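The shown structure was predicted, so the numbers you read here are calculated from the model rather than taken from an experiment.
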Protein chains: 2
Amino acid sequence: MNVIGVIGNKNMSTKNKILDSAEILFADKGFNGTSLREITSQAEVNLAAVNYHFGSKKELIKAVMSRYMSELSPRLESALGALCSNDVKPSLIEVFSAFIEPLLYLNTVKENGTSIFLQLLGRGYTDSQGFLRWFLTTQYPNVFIGFTNAVHKAYPELSAEEMFWRLHFTMGTIVFTMSSSDALIDIALNDFDRQIDIAGVIKQVIPYVAAGVAAPIIK
Amino acid sequence: MNVIGVIGNKNMSTKNKILDSAEILFADKGFNGTSLREITSQAEVNLAAVNYHFGSKKELIKAVMSRYMSELSPRLESALGALCSNDVKPSLIEVFSAFIEPLLYLNTVKENGTSIFLQLLGRGYTDSQGFLRWFLTTQYPNVFIGFTNAVHKAYPELSAEEMFWRLHFTMGTIVFTMSSSDALIDIALNDFDRQIDIAGVIKQVIPYVAAGVAAPIIK
DNA sequence: TTCAAATTCAAACAAGCGTTTAAAATAGCT
DNA sequence: AGCTATTTTAAACGCTTGTTTGAATTTGAA
């Protein structure tokens, strides 16, 4: 039994049926690219149900993201906080590895939850002209603060400006990779005959972003 | 006088007026997010002109990209080819730096050309479910081959699969950063009182991606 | 100048969008 | 069972989308 919604259960609420269908379609085709009619017909509910239960499409998008963020945010905060609370200086690999457990936890909450969430995150940064970015940074600021603090502890020589850019590069790497992870995993399967899952992609990306953030400071 | 279009010239062709308006709107709001009516009214041409001159919106998108790729592709090929033709092993910094001159050349071809092109590239990878990615990889395969060869020469220990992932991470970093570069440059201006331009962003990103690709191989 | 080709134009098309409405159905409490 | 509040439903709303049409206009060579 899932915490988020109930898969394949015909007795679940209209609200959750909509959320479950919406998140998959949003992840696949973007927020702008998915219509309410697609969502409601896949969820097998009436078209008007979205506006009845959520008010508008924009509020539905927020609700889809909040369902994941409410699970992720506290776990991420405590994992990052733990790195900063003791006296030993963490490595950047450790900082980025702090994301693994909370992110993979989403897989136990919902089938493919990790992948869906990261794809949604990617969509949110490119679709809809940044309104979702605003929503996340204002609604869950502690995640960003905790992350910044952890990176600063691991690499104090990095100036605020350099850290700003490198964290955004990192965000870009993760978000872009995940928003096209399905296609990339397909290519990897064809070209290298290697079955890879979302955890495998995360394992590949962490050394990359850790090295990027740790790059020598340019003069 | 610009190679691509003519800025502020009332005597330019309808076709170029459409292309000039379209690329800016596409870069700013994405392909799906920009309507033909926005394009034609900003270009001060009739709505039907797009379908008359280009056939469809999809063909217009291709034409916008092709105008830049035809300038960029040969310069990129020769810059990357030069790295591979002699006997000295290039550093990864050199490989990525090979992109700078061809990319900045787009600025001489069109005002803000570099920034616009990179934003369009970012849009193309997330909007429209990857049809533009297909278009670019099939239409300009030599750029990808040259890049792969150059990276292999700089870092031969990297397996094909690891290189595949790291190049896609790199692509993600660049493309994502550039598709939101306007917002990022604004934030940098507010938070650090630093005027930064697209060339400045490129300078920041190269050490990052070079270090990422050069990261130690995971076991 | 004439005439055919190329281009521009206003208008309309069919289709899809998010949202609203008011009636019908259901659920939950007394 | 009866009544109220909640939820579901079909239909329509007003608007925007990409595309097409056919007539008006401009262009360029003979």
Side-chain angles (χ1 to χ4, degrees), chain A residues 5-6 9-65 120 123-124 126-132 135, chain B residues 5-6 9-65 120 123-124 126-132 135:
Chain A
V6 183
N9 188 337
K10 298 296 174 194
N11 294 334
M12 57 191 294
S13 72
T14 299
K15 227 170 161 170
N16 278 331
K17 280 199 270 184
I18 292 172
L19 287 170
D20 287 344
S21 297
E23 64 173 29
I24 290 172
L25 288 166
F26 283 154
D28 198 37
K29 317 166 64 165
F31 300 113
N32 294 334
T34 304
S35 71
L36 295 186
R37 284 169 175 81
E38 287 180 89
I39 293 168
T40 52
S41 78
Q42 180 159 122
E44 294 177 307
V45 303
N46 188 275
L47 167 62
V50 169
N51 290 279
Y52 176 76
H53 286 285
F54 297 96
S56 68
K57 185 180 180 179
K58 214 164 203 170
E59 290 298 319
L60 172 61
I61 295 173
K62 285 191 198 174
V64 165
M65 293 307 287
L120 289 171
R123 295 298 184 180
T126 49
D127 273 21
S128 61
Q129 286 180 290
F131 116 84
L132 194 56
F135 171 71
Chain B
V6 184
N9 188 337
K10 299 295 175 194
N11 295 333
M12 57 191 295
S13 71
T14 299
K15 227 170 161 171
N16 278 332
K17 281 199 269 185
I18 292 172
L19 286 170
D20 287 344
S21 296
E23 66 171 28
I24 290 172
L25 288 165
F26 282 154
D28 198 38
K29 317 166 64 163
F31 299 113
N32 294 333
T34 304
S35 70
L36 296 185
R37 282 169 177 82
E38 287 179 88
I39 294 168
T40 52
S41 78
Q42 180 159 122
E44 294 177 306
V45 303
N46 189 273
L47 167 63
V50 169
N51 289 279
Y52 177 77
H53 285 286
F54 297 95
S56 69
K57 184 180 180 180
K58 213 163 204 171
E59 289 299 319
L60 171 62
I61 295 173
K62 286 192 199 173
V64 164
M65 293 306 289
L120 290 171
R123 296 297 185 179
T126 49
D127 272 23
S128 61
Q129 288 181 286
F131 115 84
L132 194 55
F135 172 70

Check your understanding: Does B:Thr14 place a side-chain N or O at less than 4.0 Å from the phosphate oxygens OP1/OP2 of C:dT8?
Key -> yes
Revision key, fill the gap. Outermost contacting nts on DNA chain D, any atom under 4.0 Å from chain A heavy atoms, listed 5' then 3', are D:dT6 to D:dA12
**Study point:** Atom pair distance, as rounded to whole Å: CG in A:Leu25 and C1' in C:dG18
**Key:** 16 Å
**Study point:** Rounded distance (nearest 0.5 Å) linking atom NE2 of B:His53 with atom OG1 of B:Thr14
**Key:** 4.5 Å
Check your understanding: With distance as the sole criterion, do the side chain of A:Arg37 and the base of C:dG16 form a donor-acceptor contact below 3.5 Å?
Key -> no
**Study point:** Donor-acceptor contact below 3.5 Å, side chain A:Thr34 vs main chain A:Leu25
**Key:** yes
**Study point:** Distance (rounded to the nearest 0.5 Å) between A:Ser56 OG and A:Lys58 NZ
**Key:** 8.0 Å
Check your understanding: For A:Phe31 and C:dG18, what is the distance between atoms CZ and C1' respectively, to the nearest whole Å?
Key -> 17 Å
Review point. Got a sec? Which of residues 46-55 of chain A come in under 4.0 Å of DNA chain D, heavy atoms?
Key: A:Asn46, A:Ala48, A:Tyr52, A:His53
Practice item. Look up atom CD1 in B:Ile61 and atom CZ in B:Phe31, then write down how far apart they are to the nearest 0.5 Å. Key: 5.5 Å
Exercise for review: Could you check how far CD of A:Glu38 sits from P of C:dA15, rounded to whole Å?
Suggested key: 17 Å
Exercise for review: Start with the C-alpha distance between A:Leu36 and A:Leu47, add both sets of side-chain angles, then the distance that settles side-chain contact (heavy atoms from CB on, under 4.5 Å), and finish with yes or no.
Suggested key: CA-CA 7 Å; A:Leu36 295 186; A:Leu47 167 62; 4.0 Å; yes
Practice item. Select base, sugar-phosphate, or nothing to describe what A:Thr40 touches, counting heavy atoms under 4.0 Å on all strands. Key: nothing
Check your understanding: Do B:Glu23 and B:Met65 come close enough that some side-chain heavy atom pair is under 4.5 Å?
Key -> no
Point to revise | Heavy-atom check, side chain of B:Ile39 versus side chain of B:Val45, under 4.5 Å | key: no
Review point. Any donor-acceptor pair under 3.5 Å linking the side chain of A:Arg123 with the backbone of A:Asn32?
Key: no
Check your understanding: Any side-chain heavy atom of B:Leu19 sitting closer than 4.5 Å to one from B:Leu60?
Key -> yes
Practice item. Measure from the side-chain N and O atoms of B:Lys57 to the backbone N and O of B:Asn51, and report whether any donor-acceptor pair falls under 3.5 Å. Key: no
Point to revise | Per-nucleotide protein contact string for nucleotides 22-29 of chain C (B base, S sugar-phosphate only, - none; heavy atom under 4.0 Å) | key: --------
Check your understanding: In Å and rounded to the nearest 0.5 Å, what is the CD to CD1 distance from A:Glu38 to A:Ile24?
Key -> 13.0 Å
